[in-house]
Amino acid sequence: EKLVLDAKRGFDSLTLSLWDFGGQQVFYAMHHIFLTQSGFYVLVFDMREVLERSNKDEAFKYLLFWLRSVKLHAPSASLILTGTFLADVGE
């Protein structure tokens with residue numbers, strides 16, 4: 001809210017912080033520290049892993065972990081799902 005108010009008052013600069021969370025399990029215990037209500041989240045995943053039968057279950061577990069983490073720690077924050085490598089996926 002403060003950011004929006006400052007922008008309305010005519011400030012001509014904006015500070016943006018980007019965080020790329022390590023997806024390895026060893027980092028899971030630290031993620032909640034950075035998940036806040038004022039955040040805007042982009043969950044990037046490899047479409048090849050989601051759509052190929054051999055990795056499908058593991059890929060969905062990974063996606064669900066992140067979706068649940070954001071919902072738990074920042075339930076009203078915005079989240080965009082972004083799938084990569086779609087052109088590499090067979091029909």
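Values in this document were obtained by computation on a predicted structure and should not be read as measured data.
Residues Leu43 and Ile80 form no side-chain contact, since every pair of their non-hydrogen atoms from C-beta on lies 4.5 Å or further apart. Thr36 places a side-chain heavy atom less than 4.5 Å from the side chain of Tyr41.
Ala77 approaches Gly39 most closely through the heavy-atom pair CB-O, 3.4 Å.
Under the 4.5 Å side-chain heavy-atom criterion for Ile, Leu, Val, Met, Phe, Trp and Tyr, Val44 and Val89 are members of distinct hydrophobic clusters. In the hydrophobic clustering of ILVMFWY residues, with side-chain heavy atoms under 4.5 Å counting as a link, Trp66 and Leu79 come out together. Clustering ILVMFWY residues whenever any of their side-chain heavy atoms sit less than 4.5 angstrom apart, transitively, puts Leu67 in the very cluster that holds Val70.
Note on residues 72-84: pairs passing side chain to side chain donor-acceptor pair (under 3.5 Å), not counting sequence neighbours, are Gln37-Ser76. Sorted by first and then second residue, the salt bridge (Lys or Arg N to Asp or Glu O under 4.0 Å) pairs with a member in residues 41-52 read Asp46-Arg48, Arg48-Asp88; sequence neighbours excluded.
By the side-chain contact (heavy atoms from CB on, under 4.5 Å) test, Val50 pairs with Phe45, Ala59, Phe60, Leu63, sequence neighbours left out.
Atom CD of Glu58 and atom OH of Tyr62 lie 11.0 Å apart (nearest 0.5 Å).
Under a cut-off of 6.0 angstrom, the local environment of NZ in Lys56 is crowded, with over 12 non-hydrogen atoms contributed by other residues, nucleotides or ligands.
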